[in-house]
Peer 1: 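Before anything else, here's the structure in question.
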Protein chains: 4
Amino acid sequence: MRIASGNADLTVAASRAPQRARGRRRVADLMAAAAGLFVEKGFEATTMTEIAAQAGASIGSLYLFFPTKPLLAQALMAELADTLSTRLEALQALTSGQSAGAIADAVFDALAAFLADHPAYAALIDAPGDDSWKQAIRIRRRLQIGALFARAVPPLAPGQAEVLALVVPQLMRITLQTSEPQPLREAVLGELRKMLRHHLDWPLK
Amino acid sequence: MRIASGNADLTVAASRAPQRARGRRRVADLMAAAAGLFVEKGFEATTMTEIAAQAGASIGSLYLFFPTKPLLAQALMAELADTLSTRLEALQALTSGQSAGAIADAVFDALAAFLADHPAYAALIDAPGDDSWKQAIRIRRRLQIGALFARAVPPLAPGQAEVLALVVPQLMRITLQTSEPQPLREAVLGELRKMLRHHLDWPLK
Amino acid sequence: MRIASGNADLTVAASRAPQRARGRRRVADLMAAAAGLFVEKGFEATTMTEIAAQAGASIGSLYLFFPTKPLLAQALMAELADTLSTRLEALQALTSGQSAGAIADAVFDALAAFLADHPAYAALIDAPGDDSWKQAIRIRRRLQIGALFARAVPPLAPGQAEVLALVVPQLMRITLQTSEPQPLREAVLGELRKMLRHHLDWPLK
Amino acid sequence: MRIASGNADLTVAASRAPQRARGRRRVADLMAAAAGLFVEKGFEATTMTEIAAQAGASIGSLYLFFPTKPLLAQALMAELADTLSTRLEALQALTSGQSAGAIADAVFDALAAFLADHPAYAALIDAPGDDSWKQAIRIRRRLQIGALFARAVPPLAPGQAEVLALVVPQLMRITLQTSEPQPLREAVLGELRKMLRHHLDWPLK
DNA sequence: CATGAATGAGTTTTCATTCAT
DNA sequence: GATGAATGAAAACTCATTCAT
């Protein structure tokens, strides 16, 4: 069931792996700086120079580890996708055999918490441009969530698990609409959560 | 260019007529080209030169009609927002006094049809950068949809119309995930529609 | 016999063709500047900024017509190769039916004159890097010179025309050794010319 | 090749012996890597990092032995020039008193063999940039070859030995045209050899 | 000696915008 | 109006060289 595997390669491919402790710290700092700026101004509007400066590094250092701007985004996303994958993996044991509604709540909360921690994930996965690595990340996520719903008791209608695996993460994107005031955003989030629950608990099938 | 002399202007007007028609066609072509490229590569990654080329015009022509790139986007969005506004307006009479569920279906379908026709709307409203005109468009949309739900019979709980006005358009963003195959996208759309309906028809406890 | 054809494409491919008189002059100036600098400091050591400055143009103008540095070199070479090709073409009528020695002298002189006029040709064709367009230029030249020798009377031994087509241009490269003082270079050139003549006029076959 | 200086540290010498052997191997590897890359892509286009990587060393190691890139090229050329010089020296005894034609053949073959073994020699001596050390190498070579021809019996016309000393090495550059297929290159080499011979054996009129 | 991270000046390249014709 | 040449500030990216470990 190791769906999460095979992506360490993605990270390695996108960035030159540092071999010393200092290098590893640098890479972490650079990624954090990039994540922050991508969220704040978007991928295109963020410059490599800014990222390096934000991380307290020289532009040369940045390019030492990340040979191009797209590869930096890819490396960052690979790491974030791994984190999310791990969190979803952890739900497997907890939700197996539960009702679809309960599973939905669990997934919903896990995603909400993850996106609150890592807003760069949403900023990058929604960015224009259909790179294959982005598609790969989406597919992995879909398979994982689909697997969670597939174990619902009572079982869902055939095919519905797959559709839910597509719908639920998309519902999450809504929390990102940063332009709305915070209380309104939470009201929306709550509404969506309830909506999903109602849908799955609908009395007569 | 005479200033105040009767029908000299008329003569000029007649000879100008085809030119104005040509100008309008030009503007339409440029906007269409911009819309297509914004959807394909995003606002930032699209260049003014590309837009002109795609429209079969020169870069000079493009700047003749749209003095800056943001203003081009804004003009495009203004037109699209008007179209959407008109369509929503048309729902007022049709849905007044209906159930919230029925209204939701109507709004849902109107939005889905509109976004299918004009994917640039979503591409631009979601682009990073918080211009005030973008906010204004969102607010207008929210007020319009809120007004629709406000007339539901039986009436919704206080405040829920506003939340729905926020949630429903966001649900629509999901249909944009162009990377998914068409049948899957429609399954998702149907699921969301049903979800919304279930939510609104939920038996009050 | 239109060996010289098919290369206008190369030029067009490498540079955006200017459409106005001013543009055409600009392109010529830029190419001349590039040619001069390539000869003086070599392809790699010449910067695009220098070329633009030398031509009295902005860096943007340079890139308007030549999208990359290698393509600038390619466009320049395509033009020079066309010039050379034309000159060799002109020898066809003059040398047909003459002795191999006489043909050799004619080719030798034509090449020497061409290289004196266009030292950039040698600088670029000898530069490292085996681009296919460079190979194409060499092949075209070889075929043209081979065709000249093929019409020698009395005829050369089979295959020798091809070998000479390879040897003679290479002999010319020697004149480029710019580090030697001018009189010495001319002595060398004369010696090579005589050497070639002796070789072809060698009494007993 | 004074890498480690003096002998003040004879005591340490013993314990250092294996290390020095390793050092010498390192230096040789680095030079070989540099030579290969210079031939393949030219001096300018080859980076120090590439050279180190190709030699399986770190960039730090490379700079430990060669303080700058030009000095690396110079050291490499010094070694190659010594090798060539030794080979030419060996011809002195063999060719003394022979005919100019025989001497030409001997020099020709020696140069051809040397360049086949060490293509980097030609790549570097032809590279743009007129460093004095390059000029020095050329002068040494010219003097050596001139000395060989000066001992021809019967003697050459005055000044011709010097011209030949310039011409013959240049003839050799032709063998470098690596883009041609091997058999053709050998045909060219043979033709040149014969040409030189004919020239020198030309019956005096 | 060895290593690999770090640097930053210098280069190539892009693109919104202006301007002469 | 229309066109396409022109601009230059700003961005991406390179690489010889230095330095801490």
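In the text below, chain A, chain B and the rest are named by the order of the sequence lines, each starting its count at 1. Heavy-atom basis, side chains included; hydrogens, waters and symmetry copies ignored. Because the structure is predicted, anything quoted here is derived from the model rather than measured.
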Peer 1: Over how many whole Å does the gap from D:Asp29 atom CG to E:dA2 atom P extend?
Peer 2: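 Nearest whole value for this atom pair: 11 Å.
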Peer 1: Would you kindly give the NZ-to-P distance between A:Lys69 and E:dT12, to the nearest whole Å?
Peer 2: 22 Å
Peer 1: Atom CG of C:Leu72 to atom P of E:dT11: distance rounded to whole Å?
Peer 2: 16 Å
Peer 1: So do A:Leu72 and A:Met48 actually touch side chain to side chain, heavy atoms under 4.5 Å?
Peer 2: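 When only atoms from C-beta onward are counted, A:Leu72 and A:Met48 do touch, with a gap below 4.5 Å.
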Peer 1: Please state whether the phosphate of F:dA5, meaning OP1 or OP2, lies under 4.0 angstrom from any side-chain nitrogen or oxygen of C:Ser61.
Peer 2: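 The answer is no; no side-chain N or O of C:Ser61 sits under 4.0 Å from OP1 or OP2.
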Peer 1: Per the side-chain hydrogen bond (donor to acceptor under 3.5 Å, both in side chains) rule, what does the pair list look like for residues 62-73 of chain C, sequence neighbours excluded?
Peer 2: none
Peer 1: Look for any protein N or O under 3.5 Å of an N or O in nucleotides 18-21 of chain F and output each such pair with its distance, or none.
Peer 2:
none

Peer 1: Please report, rounded to the nearest Å, how far the P atom of F:dC15 is from the CG atom of A:Leu62.
Peer 2: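 Rounded to the whole Å, the gap is 16 Å.
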Peer 1: Hey, are the side chains of B:Ile51 and B:Leu62 touching, using non-hydrogen atoms and a 4.5 Å cut-off?
Peer 2: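 Of all side-chain heavy-atom pairs linking B:Leu62 with B:Ile51, at least one is under 4.5 Å.
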Peer 1: Nearest 0.5 Å, what's the CD1-CD distance between B:Ile59 and B:Glu50?
Peer 2: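 Reported value, rounded in 0.5 Å steps: 10.5 Å.
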Peer 1: Residues in ring pair (Phe, Tyr, Trp, His ring centres under 6.0 Å) with A:Phe66, at least two apart?
Peer 2: none
Peer 1: Does a side-chain heavy-atom distance below 4.5 Å link B:Glu40 with B:Leu37?
Peer 2: yes
Peer 1: Heavy-atom distance under 4.5 Å between the side chains of C:Ile137 and C:Met77, does that happen here?
Peer 2: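 They are in side-chain contact.
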Peer 1: Taking only side-chain N and O atoms of C:Arg26, does any of them lie within less than 4.0 angstrom of OP1 or OP2 on F:dA6?
Peer 2: yes
Peer 1: Do C:Ile125 and C:Leu80 have side-chain heavy atoms sitting under 4.5 Å apart?
Peer 2: no
Peer 1: How many whole angstroms separate atom CZ of D:Arg25 from atom P of E:dC1?
Peer 2: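 Atom-to-atom, D:Arg25 to E:dC1, this comes out as 16 Å.
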Peer 1: Could you check how far CZ of C:Phe66 sits from P of F:dA5, rounded to whole Å?
Peer 2: 12 Å
Peer 1: May I have the distance from D:Leu64 (atom CG) to E:dG4 (atom P), rounded to whole angstrom?
Peer 2: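 Spelled out: CG on D:Leu64 to P on E:dG4 is 14 Å.
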Peer 1: Under 4.0 Å from OP1 or OP2 of E:dC1: is there any side-chain N or O of D:Arg24 that close?
Peer 2: no
Peer 1: Whole angstroms only, please: what is the CZ-C1' distance between B:Phe65 and E:dT17?
Peer 2: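 These atoms are roughly 17 Å apart.
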Peer 1: Whenever both distances are under 3.5 Å in a Watson-Crick or G-U wobble pair, mark it; put DNA chain E into dot-bracket that way, with [ ] for crossing pairs and | when the partner is on another strand.
Peer 2: .||||||||||||||||||||
Peer 1: Between B:Thr68 and A:Gly56, which is nearer to the 5' end of DNA chain E once each is assigned its nearest nucleotide?
Peer 2: A:Gly56
Peer 1: Let's see if you get this right: which residues in residues 43-50 of chain D place a heavy atom under 4.0 Å from DNA chain F?
Peer 2: D:Thr46, D:Thr47, D:Met48
Peer 1: Which residue pairs satisfy the ring-ring contact (aromatic ring centres under 6.0 Å, His included) criterion with at least one member in residues 18-38 of chain C, sequence neighbours excluded?
Peer 2: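 Residue pairs with at least one partner in residues 18-38 of chain C: C:Phe38-C:Phe43.
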Peer 1: Are OP1 or OP2 of F:dA5 and a side-chain N or O of C:Arg16 less than 4.0 angstrom apart?
Peer 2: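 True: C:Arg16 side-chain N/O within range (under 4.0 Å) of F:dA5 OP1/OP2.
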